[in-house]
Amino acid sequence: MKIKQRLILRATLLNVVFLSFFLISSCNWNKKSPMSQISVIPYPDSVKKTNEVFLLDNRTKIVIEEADYSTMENMVKYLNTLFIPAIGARLEVAELRSKQPHIYLRFNNTLNLGKEGYHLFINKKGILIESEAPNGIFYGIQTLSQILPAKRSQTAIEIMGVEIYDQPRFLWRGMHLDVSRHYMPVSFIKRYLDFLAMHKLNTFHWHLTDDQGWRIEIKQYPRLTEIGSWREETLIGHYRDQPHQFDGIRYGGFYSQEDIREIVRYAQDRFITIVPEIEMPGHAQAAIAAYPEMGVTGEEVDVRKIWGISPYLFNMEESTLQFIQNILTEVISLFPGTFIHIGGDEAIKDQWKASEQIQEKIKNLDLKDEHALQSWFIQRIDSFLTAHLKRLIGWDEILDDGLLGPNAAIMSWRGEEGGIKAAKSGHDVVMTPSDYCYFDYYQADEENEPLAIGGYLPLSKVYSYEPVPEEFSAVESSHILGVQGNVWTEYLDSPAKVEYMVFPRIAALSEVAWTYPVNKNWSGFQARIEKLLLIYENMEINYSKSGLQH
Ligand code: TNX
């Protein structure tokens, strides 16, 4: 080869080497380049690769400081639930000795990432997960679970090197589940909590009572479950279809206080707070079926068999307020979280308008109308909860008329207007506008989907949601506690159907709730979800494939 040719070739080769080095280092899994992101959902705050690989096998130890043994016990369990299927062995806990390959879990209060934030570092020597608190260690483990190869090898696995600093955007990262319209077994509630945890969601809003069934045992009022948890039969087909047809099958179920304690413990182990919802003054037909004297008309009524809005409201006698407070006292004793949801939605006022006693009450209290009476009632319940060191949260209707105690929070579902009004008047808000957050809506073309309530909420629209209105000041923004997906179950009569509606939309919601907007990227999410789907498959989750196309 001639010298000149050789020189050109050398220069070209050098260029190639140089260029590829530049390309590799600059693509560095950065946020702007979707294809190079690591497959983690919700996407972490800061991600860098370490260019090293850690080989994990059954000789790897889990290392914990002696003082942390009891606090970290659960974390060791979680790690092993990942590794047992992955490498076919349980890892042992050992003392820190530098040469041994290990996974090191430790507390570090100098990180400045908050109690849910964590630092995850993987190089060829091992894995470090550190946080200020167990919450962050748990989330670090969740991230690690998505970095592991999804294929189960039963020997050794290669884990790619990475350094992550991560923390959530919002405090309230929620999923709701309606167990009144259809009862879901305890085993599924636990599985649902697992779903939340793996997506780093920390709030489970448990919709326990409604017109079609009362699902929580209240010791002082046994008829609530003896009568109120059973309906004679259930509507077949859509509520819109006329004439209504029924299945003729008695339907019911409820959670004993023992069940609830077990579920609360299960949630605590996963850093999930449960917010129980007891509906009032409307959506109360099942309670009134059990105790007709708490209703407005006093007449006997059945537990509702159809969907839609029931006219049955609680009356506003002092004895009824006492009944509600006694129920709440038991609820408070079961749920250690701060918030109690009291519903407050869709309380149509026909019965209150027609009732002499109610009209007299309005007059005696010197109130304007029935809406003002609802507001008076909510304020009474708010004072009761506040006196018991709890906070009231309710659907946005509770702010429609009149005042609300400063402690009370709003869940904005009829769009964002209620939430905006609430935040501007200094109330805390959870955003859950139906257009973006109702997972009972269709997620793909209606003709090919199982029967649903209506609406259309594709994955991309969930992903696009921004919970803080653009025009908000810093103070107003600070009132947006977070965001939540709601799962109403009129048309979901089994866990499999719930899973179908929840997945994959929960993945998009988790990124709205956890990931800062600068790190969000729709095409990146679409690429990353492929890995998560393998995990869903390992867990035999009935996710919607059509939901992925929209
Ligand atoms: C409205 S959202 C309701 C629920 C229904 C839901 C169906 C809300 C506070 N109330 O009772 O199940 O629509 O999408």
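Just so it is clear, the model here is predicted, and its values are computed rather than measured. All ligand and atom numbering here is 1-based and tracks the order in the structure.
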- Item | Geometric N/O contact W395 with ligand 1, under 3.5 angstrom | no

- Return the residue, atom name and 0.1 Å-rounded distance of the protein heavy atom closest to atom 5 (C) of ligand 1. E490 OE2, 3.4 Å

- Task: Could you verify whether a donor N or O on one side chain and an acceptor N or O on the other, from D210 and H207, lie under 3.5 Å apart?
- Result: yes

- Per-atom contacts of ligand 1 with H283, taking only distances under 4.0 Å to non-hydrogen atoms: 11 (O)

- Query: Is the Y43 to W514 ring centre distance short of 6.0 Å?
  - Reply: no

- Shortest protein contact, atom 14 (O) of ligand 1 (heavy atom only): D440 OD2, 2.8 Å

- Task: Among all protein heavy atoms, pick the one closest to atom 11 (O) of ligand 1 and tell me residue, atom and distance.
- Result: R181 NH2, 3.0 Å

- Ring centres under 6.0 angstrom apart (Y463, F525): yes

- Query: Are W206 and F204 close enough that their ring centers fall under 6.0 Å?
  - Reply: yes

- Message: Tell me the contacting part of N486 for ligand 1: side chain, backbone, both, or neither, using a 4.0 Å heavy-atom threshold, strictly below.
- Response: neither

- Smallest heavy-atom separation, T297 atom then Y312 atom, equals OG1-CE2, 4.3 Å

- Task: Using a 4.0 Å heavy-atom cut-off, say whether I453 meets ligand 1 through its side chain, its backbone, both or neither.
- Result: side chain

- With R250 as the cation and W230 as the aromatic partner, state whether NZ or CZ is under 6.0 Å from the six-membered ring centre and within 45° of the axis. yes

- Item | Nearest non-hydrogen protein atom, atom 3 (C) of ligand 1 | E346 OE1, 3.4 Å

- Query: Out of D345, I309, D211, D210, who gets a non-hydrogen atom closest to atom 8 (C) of ligand 1?
  - Reply: D345

- Query: Got an N/O contact under 3.5 Å between Y438 and ligand 1?
  - Reply: no

- Query: Below 4.0 angstrom, N of the basic side chain to O of the carboxylate: do R181 and D178 qualify?
  - Reply: yes

